[in-house]
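As C-alpha cells, the structure follows; a few thoughts come after it.
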Protein chains: 2
Amino acid sequence: MGVTIKDIARHAGVSYSTVSKALRDSPLVKKPTKTKIIKIAEELGYQPNVAARSLVQKKSFTIGVVWPSVERVAPSILITKINDFLEEKSYTTLLSINKVESAIATFNRFQVDAILVFGENNSVLSDTSIHTTVPILYYGLKENSTYPTIDVNRRKAIKLAVNYLEEIGHKKIAFIGDLTDKDPLQKEKAIGFFEAMNVKKASDLPELAIPTNGLEVHDGYHAAKVVLANNKDITAIITGSYDLTRGVLRAANELSLDVPKDLSIISYDNIPQSENLGVTLSTVGVPVTRIAKHINETLLSIIEGHNIQDSIILDPELNIGTSCAPFGWYD
Amino acid sequence: MGVTIKDIARHAGVSYSTVSKALRDSPLVKKPTKTKIIKIAEELGYQPNVAARSLVQKKSFTIGVVWPSVERVAPSILITKINDFLEEKSYTTLLSINKVESAIATFNRFQVDAILVFGENNSVLSDTSIHTTVPILYYGLKENSTYPTIDVNRRKAIKLAVNYLEEIGHKKIAFIGDLTDKDPLQKEKAIGFFEAMNVKKASDLPELAIPTNGLEVHDGYHAAKVVLANNKDITAIITGSYDLTRGVLRAANELSLDVPKDLSIISYDNIPQSENLGVTLSTVGVPVTRIAKHINETLLSIIEGHNIQDSIILDPELNIGTSCAPFGWYD
DNA sequence: TTGTATGCGTTATCAA
DNA sequence: TTGATAACGCATACAA
C-alpha cells in the first residue's frame, strides 16, 4: 500500500490536515513545519492519491485523449506536443486507443477534466449517442463532428501553393498525391488542386493530376519517375505529403533534374523536417506547433467553463525554401 | 455533475446501498428490484465513478501502459492487441507518452493495477530510481531492464532463416537490413546473421551483409537493386523488416527476377500482413498475437499477486510461404 | 498557526 | 431481502 498523508503526519508529529495544507503549499502553515513535512514526504516517497483527490476536488487535472488509430505518424507528433504543453500547465494526459464511444465512457468515469478526440477519417462523432458531462473537443474534419472542432484547411493549402507557383511564372504545375476517395483528408488536397486549376475532377487534368497508390516514399518516387519522363515541360510539382516529396526528390536526382533549376517543389506538410534532403523544402500546411497551441488553449478554456462558441479552421501558411524558384530564374 | 447511485436510489425509492448491490449484480437483491434499478440507471445515463470505486476497492481494473516513443508502428499493433484482450477481461488500458519515470509516477498515483513499460531502445529501466508499489512489466531488450521482462529473440530468428535456407540448398544468402549500432533491436538481427555465417562483423562479409539507410520500402528497394545487379549468384535474401521486403520484391520485379524461382526471400516480421504482394511471404519472428498473449497473461498473473519468477524471451517461428523454395527446384 | 470534523461516491459489513 | 453505516485518502470550513 502506498504512503498517505496520515503516515507523514505520524512521522512529523502533526495532524494530517496540516500535512495536506503543507503539501499544497498553503500560506496557513509555518515555514519550518512546511519544509519539515515536505522533507518527510519525499523521504517516504509520497505520491498523492489521484482517486481521493479528484473525489473531493471534482477535478482530476487530467485530460483524456481518444486516439483510435494509433498507427498514424502525424497525429503522434501532434499528441507529443500537446502533452508537453499540458504537462507544463501541470495537467496529465492519458490516452485511450479504444473505440470512440467506449473511450469517452471510460474517461467520463475517470472524471477527466476534458476529452480530446482525434477523429478517424471515416467515422462521424455526433453527440446524440454520447452520455457525458465532460467537455469534448474534436480534432478532425469539421463536417464529421457536432462538437467544437479544430480542423486544418488542407484544400486552401494546396490552392495557396498553386497560386504562388503561378505567380512566379510556372505554367505546367503537377500535383502528386492520393486522388481516390478513400481518405477524406487526402481528398481535400486533391480538391484544392482541382479548384485552383478550375476543373472538377482528376480526369479533366490527366497529365497534371498524378495519382499514387499510397503516401510512402516509394509512391512519390514511382509517380515522379513516370510523370517526369512523359511530360518534360512540367516545371513545378506539388505533393500531398512529406514522404511523397522525398520520393520525388529521389526521382529528380536519378533523372539528373536540378531542384529548383529544372523543377520547383512545394510539399504539403505539418511536421518540422529534420532530415537533410539537399534542399530546404518549400511547404504549405499548418505547422503542428500551431495546431497544438490552438488545441491546448481551447482545452484549457473549456475546462475553465468557457463555452466554446464555434469551431476553428486553421489557415495554412506557405514557407518557401530553396526547393522552389521562379520559372526561368536560372536561364 | 454526473449521476450518482444516490440519484438512482431516490428515483427508485430504495437505499443507495441497495442500488450499489443491484448494479454489481449481487445475489442479495431481488430480481424485480434489480431490473428496476438497472433500468433507471440506464435512463439516467449513470456511469460509476472510478475514483470512488478504486478508493474503497484499492483496485482500479486499469492497466497503465508507458509508451514513450509513440511514433513507431510495430508497437502500435501490439498495443492494440493487448488492449483488446484486456478489455475482454474487463480491464481498461490507459496510455501515457511521458518519460518513463514520470509516466510511472502518474500511473502510481492513479492506482493502476499494473504497469506495462514499452522499452525505448536506448534507455535502461532500472528499479533504483523508481518509487512504486505497483507491479511493473517491461517489454523490450532484456539487458535494458532490472524488472520482469518480455523480450523477443531476434538474433535466433535470423539464424533460423539462414539455417533453413542452407538446408534447402542455398549457397549465397544475403542479409539486407540496418547494420549500424544505432538501433539495438536491428543490431540483434545483424548479429544473428553474422553468427549464422560464422563471422564477426559486416566487413567480414561485404558482398552478403547489405546495409540500408533505414527501414522503409525504398531502402529495401535500393539495397536490393544494387546487390542483385552486382552479385548475380545470390539466390536467397533475408530482410530485416516487412517494409524492406516490399522494396526487395519491387526491385526483383523490375529486374525480371522471379520469386521464388530466381530468388528466395525470408522476411523478419512480427505483424500479420494484409497486403497482397503476389507471393505469400516466408517470415521469421514472433507473431504479435503470441507476444500479446504472453504479455497479457503475465500482466494478469502479477496483478493477482503472483511474483513473476523470471523474464521470458520468446522464441521465433519460421513460416514458409511461396516466396521461398529449395535451390534448383525449378531447374 | 494548528487541529477537528465533514463530505466527496463507492463498496462492504453488519443489523434489521 | 433491504437498509444503515463505516471506511477509503484527501481537501477544506471551522474551531481551537
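Bear in mind that the values here come from a model prediction, so they are computed numbers and not experimental data.
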Q.
Taking atom NZ as the centre, does A/K142 end up with more than 12 heavy-atom neighbours from other residues, nucleotides or ligands that are less than 6.0 angstrom away?
A.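 Correct, the count exceeds 12.
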(Q) Please check if the number of heavy atoms outside A/K59 that lie under 6.0 Å from its NZ is greater than 12. (A)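 For A/K59, atom NZ is crowded (more than 12 foreign heavy atoms under 6.0 Å).
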Distance check: side-chain N/O of [X] vs OP1/OP2 of [N], anything under 4.0 Å?
X: A/K58; N: D/dA11; answer: no
X: B/K59; N: D/dC8; answer: no
X: B/S15; N: D/dG3; answer: yes

Q: Name the nucleic acid region contacted by A/T33, choosing base, sugar-phosphate or nothing; use a 4.0 angstrom heavy-atom cut-off, strictly under.
A: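 A/T33: backbone/sugar contact only, no base atoms under 4.0 Å.
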**Q.** Spacing of A/L55 atom CG relative to C/dT6 atom P, expressed in whole Å
**A.**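 Nearest whole value for this atom pair: 18 Å.
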Q. B/K34 NZ to D/dT2 C1': how many Å, rounded?
A. 13 Å
Q) How does protein reach along nucleotides 10-16 of chain C, written 5' to 3' as B (base within reach of a heavy atom under 4.0 Å), S (only sugar-phosphate), or - (no contact)? A) BBBB---
Q) Is the shortest heavy-atom distance from the side chain of B/N144 to the side chain of B/L125 under 4.5 Å? A) no
**Q.** Heavy-atom side-chain contact between A/T92 and A/E87 under 4.5 Å
**A.**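 No, too far: nothing below the 4.5 Å cut-off.
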Q. Taking it one step at a time, do B/Y139 and B/F118 satisfy ring-ring contact (aromatic ring centres under 6.0 Å, His included)?
A. CA-CA 5 Å; B/Y139 174 69; B/F118 272 74; 5.5 Å; yes
Q) So which one's nearest nucleotide on DNA chain D is more toward 5', B/T18 or A/A51? A)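 On the 5' side of the pair lies B/T18.
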(Q) Could you check whether any side-chain N or O of B/T149 sits under 3.5 Å from a backbone N or O of B/Y147, counting only pairs where one atom can act as donor and the other as acceptor? (A)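 A pair under 3.5 Å: yes.
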